[in-house]
Structure formats: C-alpha cells, structure tokens
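The block underneath contains the structure these notes are about, expressed in structure tokens.
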Protein chains: 4
Amino acid sequence: MAYRRTTAVAQRLADNRDQILAAARALIARGGFAAATIAAVAAEAGIATGTVYRYFPSKAELFAEVLRDAARRELAVLSETAAADGPPLARLDAVVSVFVTRAIRGQRLAHAMIAEPVDPTVEAERLVLREGYARILGALMDAAIAEGTIPPRNTEIAADCIVGAMIEPLIGPLAKGKVRKKTQADDLLAEIRRFVNAALRADTANANVLDFPKGEF
Amino acid sequence: MAYRRTTAVAQRLADNRDQILAAARALIARGGFAAATIAAVAAEAGIATGTVYRYFPSKAELFAEVLRDAARRELAVLSETAAADGPPLARLDAVVSVFVTRAIRGQRLAHAMIAEPVDPTVEAERLVLREGYARILGALMDAAIAEGTIPPRNTEIAADCIVGAMIEPLIGPLAKGKVRKKTQADDLLAEIRRFVNAALRADTANANVLDFPKGEF
Amino acid sequence: MAYRRTTAVAQRLADNRDQILAAARALIARGGFAAATIAAVAAEAGIATGTVYRYFPSKAELFAEVLRDAARRELAVLSETAAADGPPLARLDAVVSVFVTRAIRGQRLAHAMIAEPVDPTVEAERLVLREGYARILGALMDAAIAEGTIPPRNTEIAADCIVGAMIEPLIGPLAKGKVRKKTQADDLLAEIRRFVNAALRADTANANVLDFPKGEF
Amino acid sequence: MAYRRTTAVAQRLADNRDQILAAARALIARGGFAAATIAAVAAEAGIATGTVYRYFPSKAELFAEVLRDAARRELAVLSETAAADGPPLARLDAVVSVFVTRAIRGQRLAHAMIAEPVDPTVEAERLVLREGYARILGALMDAAIAEGTIPPRNTEIAADCIVGAMIEPLIGPLAKGKVRKKTQADDLLAEIRRFVNAALRADTANANVLDFPKGEF
DNA sequence: CATGAATGAGCCTTCATTCAT
DNA sequence: GATGAATGAAGGCTCATTCAT
C-alpha cells in the first residue's frame with residue numbers, strides 16, 4: 001500500500017531538484033557549460049552522481065531546464081516592465097535598464113545563456129530566450145514607430161543590436177579575468193542606456209559614408 | 001647547398017605551421033572549437049597528429065595562435081580603415097561597415113573568436129581582439145568628442161556597445177540553426193550602421209525614465 | 001481477530017511474492033533477462049523497488065526462483081505426460097509434443113530458461129530444468145530399451161539431443177528478428193516429432209562414414 | 001612526408017588487431033559476452049582500453065567481427081566437408097561429426113555464437129552463422145530426398161533440429177560448471193551421430209500418438 | 001623530424017542495492 | 001512492512017598527449 005507522500009518528503013524532493021538546478025546554474029555561472037559536468041553538479045549539490053538522473057533524464061535536459069528557468073524568469077520580468085504605462089521608448093529604456101541591472105550580477109551565466117554554444121537540446125531553449133528578448137524589444141520599437149515617435153526601421157535586426165549592445169559591455173570584460181568593479185555598475189548602466197536610447201531616436205543612417213575595403217574575416 | 005637545404009627546410013617548417021593554423025581556422029569556422037580536435041586538425045592539414053606537437057606545445061596554444069593571427073589580420077584591416085581621411089564618425093561608420101561585411105562571411109569563426117568560451121590561454125587572446133576593437137572604436141569616438149561633433153561619453157563602454165550591436169545580429173541567428181539569407185546581408189549592414197551611427201550622434205540619455213523592478217538574473 | 005489479521009497479512013505477503021515472480025517472468029518473456037531490471041520488475045508488480053528485497057535477497061535469487069518455478073511447473077506437466085499409459089516411445093512422443101506446443105507460446109521465456117546465459121546462481125536452476133528434461137526423456141528411452149523396442153544407446157546424451165532438437169527450431173528463428181508465423185506452428189510440431197521419433201527408432205549409427213578434417217572451433 | 005609503413009609495423013598492427021579479436025574470443029569463450037568488457041578485452045590483449053577503439057569503432061562491431069570470423073572459419077570447414085564425394089547422408093554425417101568434434105573444444109564460444117542474446121549488430125552476424133548451418137545441412141538433406149534416399153520433409157525445420165541435437169549435448173552440461181570429461185568426447189560424438197543419422201533415415205512420423213495436455217510454458 | 005599507434009584520465013549513463021521515513 | 005530516493009561502482013567511449021619507429 002502506497003504511503004501518502006508527506007509534505008516533508010515532497011519538499012525534500014523539490015528541494016533536491018532545485019539544489020541540482022542551482023548547482024548547475026552556479027557551475028555554469030562560474031565556469032560555463034564546460035565546467036558543469038554531472039559529477040561536478042552532483043558534488044556541488046551534495047548528492048551522488050546517479051541521483052541527478054532521478055531528476056533529469058540527461059545532462060542536456062538538465063542544462064535545458066536551467067536555461068528554461070532562467071529564460072522564464074528573465075522574460076517574465078522584462079515583459080512586465082514592457083507592459084507598464086508610458087510611451088514605448090520610455091518602456092524600452094526601462095527594459096534595457098532592468099536587463100542590464102540584473103545581468104550585471106550574473107555575467108557568466110548571462111553569457112552562457114546568450115552566446116555559449118552547446119548541445120542542440122539546450123540550444124533550443126536558448127532560442128526561446130533570444131526570441132523572447134527580440135519580441136519584447138521589437139514590439140516596443142514597433143509601437144514607437146506606429147506612434148510616429150521614431151522613423152520606421154527593421155526592428156528585428158535592431159532588436160538584436162540592442163541585445164548585443166546591452167550584453168557585450170557586461171560579458172566582454174570577463175576575458176580580462178576580473179569583473180568590472182562595482183563602482184562601475186552605474187556607469188555601465190548609464191552608458192548602455194544612453195547608447196540604446198540614442199540609437200533608436202536619431203535617424204542618421206548612412207551619413208558620412210566612406211569607401212571601405214572588404215575582405216574575409 | 002647546406003644553406004639552400006636549410007632554407008628549404010625552414011620553408012617547409014613554416015609551411016607546415018601555416019597549414020596547421022589554416023586547418024584549425026577552417027575547422028573552427030566550420031564547427032566551432034568543439035569540432036577542432038587535434039586529430040581533425042592534423043587530418044585537415046594532411047599531417048600526423050603527433051606533428052602538430054612539433055609546432056605547438058598544446059591544443060590551447062594552437063588555438064591561441066589561431067585567434068592571435070585572426071585578430072592581427074582583423075585589427076590591421078580595421079586600423080587601416082580607421083586611419084583613412086575624413087571625419088571621425090565617418091571613419092567609425094566605415095569601421096563598422098568593414099567589420100560587419102567581413103564578419104557576415106565568417107559567422108562561425110567570428111562567433112568563436114568573440115563569444116565562444118574556451119581555455120583560459122585562448123581567452124587571453126580573445127581579450128587582445130576585443131581590446132583592439134575597443135581601442136579603434138574608442139579612439140574614433142574620442143576624436144569626434146574632441147572635435148565637438150558628439151557630446152562626451154564613456155567611450156570604453158560605448159565601444160563595447162558598438163561591438164555588441166555589430167556582432168549580435170550576425171551570430172544571434174546562428175542559434176536558430178539557420179544562417180540569415182544572403183539577400184539579408186544588405187539589410188543587416190544597413191540596419192547595423194544606422195543603429196550605431198544614431199547611437200553616437202544623438203544625446204537622449206536618461207530621457208523618459210520609468211521606475212523599474214530590480215532583481216537577480 | 002489477531003489470527004485473521006495474521007492470515008490476511010500472510011496472504012498479502014504471499015500475493016506480493018507471486019506478483020513479483022509473475023512480473024519478473026513476464027518481463028523475461030517479453031525482453032529476456034536484460035529487460036528485467038529490478039526497477040522494471042517492481043513497476044510491473046505495482047510495488048516499490050525496495051519491496052522486492054523484502055522477498056528476495058538479490059536479483060539473482062529472484063531470477064533463480066523464477067526459473068525454479070517455471071521448471072517445477074514445466075517438469076510437472078511433462079512428468080504427468082510421461083506417466084500416462086502406453087508404450088514408452090508413444091509417451092516420449094507425447095512429451096515432445098507437449099514441450100513443443102507449450103514452448104511455441106513462450107519462445108522468449110523458453111529461450112531465456114534454456115539458453116540465455118546468466119548469473120551462476122541462476123545457472124544452477126537452469127541445470128535443474130535441463131536435468132529434469134533429461135531425466136524424463138531418458139527414463140522413457142530406458143524403458144523402451146528395456147522393452148527391446150529400440151536398441152541400447154547412451155540415453156543421457158540422447159536426451160540432450162532431443163532437447164536440442166525440440167528447442168532449436170523454436171528459438172533459432174528468434175535470431176532473425178521475426179517469430180515464425182502462427183501458421184507454421186503445426187509444421188514445426190510435426191517436423192520436430194518426426195525428427196525425434198525417427199532418431200530414436202532407427203539404428204543407423206556410423207553408417208557411411210567419411211573421413212573428415214578436424215580443427216578448432 | 002609520410003614514412004613508408006614498414007612490414008614490421010604493419011605486422012604489429014595486424015597482430016594487435018588479432019590480439020584484440022583473440023582476447024575477445026577468449027573472454028567470450030570463458031565467460032560469455034557479459035565477461036567481455038572493453039576493459040577486460042584490453043587487459044587480456046595487454047593494451048590500453050582506448051587502443052581497442054583504434055581497431056574497432058564500437059564494442060558491438062568488435063563482437064560482430066569475432067562472430068563473423070568464427071562463422072567464416074566454421075562454415076568454410078563445414079562447406080568443404082559437405083562438398084566431398086559420397087552420398088549426401090554420408091556427407092551430412094561427416095558435417096555433423098566435424099561440427100561436434102570442433103565444437104567440443106570451444107563449448108562456451110559455440111554457445112555464445114549460437115544462442116547467447118546480444119546487441120542487434122552482433123545478432124546479425126549470428127544470423128549468418130545459423131543460416132549457414134541450415135543451408136549446408138538443408139542442401140544435403142534436399143539432395144538425399146532428391147535421390148530418393150530419404151522421404152521428403154521440411155528440411156528447413158529439420159536443419160534446425162540437427163543444429164540443436166548437435167549443440168545441446170555440448171553446451172547443456174556447461175550448467176554443471178564442469179565440462180564433460182575428455183573421455184566422453186568419443187561417446188558424445190558417437191551418440192550425436194547416431195541420433196542425427198537415425199532421425200534422417202527413418203520415417204516414423206506421428207506414430208503412436210497419444211493425447212496430451214496443453215498449456216502455457 | 002615525421003609518423004600515428006598507444007595511452008589513460010575523464011565523461012555520461014545505468015542499475016543493483018541500501019536505508020531513512 | 002512498504003516506500004522510493006539515494007548511492008556509487010561499473011561500463012562504453014573520446015581525445016589530448018606521448019613516444020617508439
């Protein structure tokens with residue numbers, strides 16, 4: 001006869017699952033996907049390697065869920081921000097601000113989630129995140145264009161530009177082995193906002209064009 | 001005779017070295033760092049695996065040099081572009097155009113060189129490339145600021161924003177498993193230039209600020 | 001009350017035990033020993049994996065008992081058949097017929113029980129089954145020999161020949177990935193009976209001997 | 001520049017390959033497929049585990065080749081025997097004799113090759129062996145039937161009966177943990193020959209039929 | 001010097017068995 | 001007694017690196 005699963009047990013299981021996800025997240029944030037071996041995840045979570053497989057069918061699925069969770073959380077916050085009252089560009093600015101503010105605290109993870117190449121299964125989740133960003137940013141730009149606030153443009157590409165402009169100053173410096181100092185956080189946010197806001201408002205495309213050489217990368 | 005033989009030998013050695021670097025570059029461009037195993041590099045170069053270790057002490061060093069070479073070449077082209085005659089912002093626009101035009105043809109390699117996380121040794125070289133981009137772009141912005149063409153700003157951060165805005169629309173679609181169609185190349189270049197040019201010229205920072213929630217990534 | 005509870009408990013225990021055995025048998029019949037993991041057996045039996053160990057000290061013991069039970073049942077039927085009235089060879093023919101008829105319906109299980117190699121503990125039980133077959137068949141042959149119906153022979157070895165001749169046409173086709181069609185069941189039975197009956201009655205041993213090469217397998 | 005592969009090196013490679021095959025064969029013969037782990041095979045061959053994969057792409061392929069080799073050798077010998085001069089049944093008797101004589105020396109391997117369930121890839125090779133046996137034996141029976149020496153029968157099924165009658169007395173006793181004594185080899189061969197020869201010559205099918213109970217295995 | 005076979009640490013995954021609840 | 005989560009020892013396989021030829 002099956003014993004009723006007590007709240008305590010259910011809680012422990014849920015905790016375990018979260019522990020594993022948290023361990024994976026922590027390892028990915030610390031050293032990327034490469035550092036997050038199943039053995040390392042299990043050790044970080046304080047469990048045996050085999051236990052991981054009670055909660056996730058494979059390494060790829062575990063990582064996919066890490067990404068899915070982070071994406072869900074992230075996109076939920078940004079969506080909410082985007083849905084506030086106010087003119088579209090002000091909301092877009094707020095989205096940028098929220099993204100940057102949050103990402104500053106999780107640079108390596110943000111990098112992994114946006115740029116690090118991985119298993120196809122995981123890749124699918126990354127796509128969701130990327131498209132989520134583009135959707136939110138693109139919708140706000142479209143609204144601003146519809147209002148006549150800014151001139152028409154290819155918002156799909158521009159959305160990617162914004163994502164790049166937001167994330168690059170955060171993750172690029174990681175190569176230096178030292179995270180940008182905390183005192184720089186305000187500068188980072190301010191400059192990124194300035195950059196993105198300006199990019200959207202002005203229409204100076206193709207001004208002052210020079211001839212330029214072409215070649216292979 | 002002895003001299004000529006030496007020269008011939010030296011030539012062959014240099015050729016071998018280049019072959020290996022070219023093979024590694026080709027494999028990385030084709031399938032990222034993961035696809036570039038030592039065995040695959042050797043096969044692509046038409047030599048034995050052990051021979052690779054005659055020229056490079058380790059896989060990490062080989063990849064570091066691949067990155068170093070590509071960075072040297074890439075930065076040389078961009079530097080030349082940046083040194084042309086004309087107003088700073090026009091030259092910056094040209095730099096952006098060159099970067100994008102070249103990167104469109106080498107998306108996978110560009111991705112690997114700019115975003116793909118790897119060994120710390122290789123990472124150091126990536127830093128050189130990134131800093132090179134920032135130096136070139138930053139210098140042009142500084143010049144424009146000195147001229148009074150654009151208002152003062154934190155050009156270090158802005159340079160990263162530009163790099164992100166340039167590269168993201170190029171590598172982002174890779175995650176979708178489909179490279180952007182060739183017919184989109186012109187749209188990509190035009191939209192990225194518009195975005196970056198606008199970002200630099202206008203000064204609308206901190207306009208229309210909304211309150212926004214904060215939290216962890 | 002206490003007595004009835006005890007009885008009920010004892011009944012439930014016995015039921016559980018049978019459930020486990022039946023589950024193991026079903027899984028072995030379906031996919032061989034490889035498919036019969038403890039977890040699968042427990043799931044099939046509708047109990048927890050740990051519960052299996054309340055009834056059986058190890059996987060090997062469980063499988064040994066599966067074999068033991070099947071052997072007991074099987075040998076009982078064959079013994080009963082062998083004990084019928086009639087001439088020994090007719091009874092032997094009946095034994096063969098019963099064996100084949102029953103085995104056709106349980107090819108995979110029959111295969112596992114007779115041919116599939118397993119743990120030494122389980123192997124011991126297989127021996128019992130094999131020896132049971134040999135004993136029954138041997139006794140009937142001995143009786144026929146005693147009667148003078150057939151010439152003397154090494155009935156121990158001949159019994160194994162019969163077992164092989166009975167089981168091989170049944171399990172051999174399993175290797176082809178396709179079970180022999182149902183319409184062939186009658187042909188199978190007829191041909192096997194003809195073969196075994198003939199083998200016992202005629203005495204043409206060592207006729208027409210040719211020289212033959214020898215060597216290792 | 002590629003060095004010419006010396007005969008010595010080529011020999012060493014071929015030897016290695018043979019060593020691995022021999023090691024696998026030995027382990028399978030000793031303890032079945034289960035005992036033949038890659039680590040064990042490598043240890044038996046005196047090489048590192050990874051080395052095995054220089055010669056065989058996977059465990060399944062290695063085992064398949066072990067089977068293929070043994071089958072090729074075995075069927076070649078039996079085919080040659082079957083192609084000798086003389087009446088079909090005499091040749092069939094010779095085939096049986098050769099099979100038994102050879103198999104006596106490799107019981108466990110013979111068992112593994114004929115009955116042990118394994119990977120689908122390996123199974124395919126087992127099919128070749130089984131079908132080879134059936135083809136050779138069936139052809140001889142067909143010839144004897146054509147001659148009028150023996151009455152018509154389903155030679156496909158009968159061939160399987162012969163295989164079973166040949167192999168069962170050899171492998172069955174393995175369950176006892178002790179191989180049949182050497183002094184019994186002659187008895188085994190004699191009795192098996194007698195059994196098979198008799199089975200083919202006499203036609204007593206369906207004689208003395210008794211009613212028999214039916215049921216599940 | 002070149003070769004490429006050999007090495008073996010390390011990874012992901014499975015599953016018999018244990019034990020706290 | 002029952003539960004099923006946890007354990008951890010294997011097992012198959014990959015690949016950077018070494019070294020005899």
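Computed from a predicted model, the values in this text were never measured in an experiment. A, B, ... follow the sequence lines: proteins, then strands. Residue 1 opens every chain. Atoms considered below: every heavy atom in the structure, side chains included; atoms not considered: hydrogens, waters and symmetry mates.
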- [ ] Measure from OH on Y55(D) to C1' on dG4(E) and round the result to the nearest Å.
- [x] 10 Å

Open item on the list: List the residues meeting ring pair (Phe, Tyr, Trp, His ring centres under 6.0 Å) with F56(D), not counting sequence neighbours, and say none if there are none.
Closed with: none

TODO: Kindly write out the residues that satisfy side chain to side chain contact (heavy atoms under 4.5 Å, CB included) with T121(D), not counting sequence neighbours, or none if the list is empty.
DONE: A60(D), E61(D), A64(D), D119(D)

Open item on the list: Just the rounded figure in Å: distance from C1' of dC1(E) to CG of D15(B).
Closed with: 15 Å

Result block: side-chain N/O donor-acceptor pairs under 3.5 angstrom for residues 34-49 of chain B, not counting sequence neighbours:
unit_1	atom_1	unit_2	atom_2	d
T37(B)	OG1	A40(B)	N	3.1
E44(B)	OE2	R30(B)	NH2	3.0

- [ ] State plainly whether the residues R17(D) and E65(D) are in salt-bridge range, i.e. N to O under 4.0 Å.
- [x] yes

Open item on the list: Suppose we screen for side chain to side chain donor-acceptor pair (under 3.5 Å). Which residues come up paired with Y55(D), at least two apart in sequence or across chains?
Closed with: N16(D)

Open item on the list: Both atom distances under 3.5 Å, Watson-Crick or G-U wobble: I'd like the secondary structure of DNA chain F as a dot-bracket string, with | for pairs made across strands.
Closed with: .||||||||||||||||||||

Open item on the list: Is N16(D) close enough to dA5(E) that one of its side-chain N or O atoms is under 4.0 Å from OP1 or OP2 there?
Closed with: no

Task: Reported CD1-to-CG distance for the pair I20(B) and D15(B), which is rounded to 0.5 angstrom - done: 11.0 Å

- [ ] Mind calculating the distance between CD1 (I47(B)) and P (dG4(E)) to the nearest angstrom?
- [x] 10 Å

Open item on the list: What is the distance, to the nearest angstrom, from the CG atom on D119(B) to the P atom on dC15(F)?
Closed with: 17 Å

TODO: Sequence neighbours left out, what pairs pass salt bridge (charged side-chain N to carboxylate O under 4.0 Å, His left out) with at least one residue falling in residues 33-43 of chain A?
DONE: none

- [ ] Write down the distance between CG (L27(C)) and P (dC15(E)), rounded to a whole number of angstrom.
- [x] 13 Å

Open item on the list: Please encode protein proximity along nucleotides 8-13 of chain F as a string of B, S and -, counting only heavy-atom distances under 4.0 Å.
Closed with: BB-SSB

- [ ] By nearest nucleotide on DNA chain E, pick out whichever of A34(C) and R54(D) is the more 5' one.
- [x] R54(D)

- [ ] Check the distance between dA5(F)'s C1' and I20(A)'s CD1 and give it to me in whole angstrom.
- [x] 11 Å

Open item on the list: Could you work out, with ring pair (Phe, Tyr, Trp, His ring centres under 6.0 Å) as the rule, every residue matching F33(C), not counting sequence neighbours?
Closed with: F63(C)

- [ ] Using the test side chain to side chain contact (heavy atoms under 4.5 Å, CB included), find all partners of R72(D) that sit at least two apart in sequence or belong to another chain.
- [x] R68(D), D69(D)

- [ ] Give F56(D) one of three labels, base, sugar-phosphate or nothing, depending on what nucleic acid heavy atoms sit under 4.0 Å from its own.
- [x] nothing

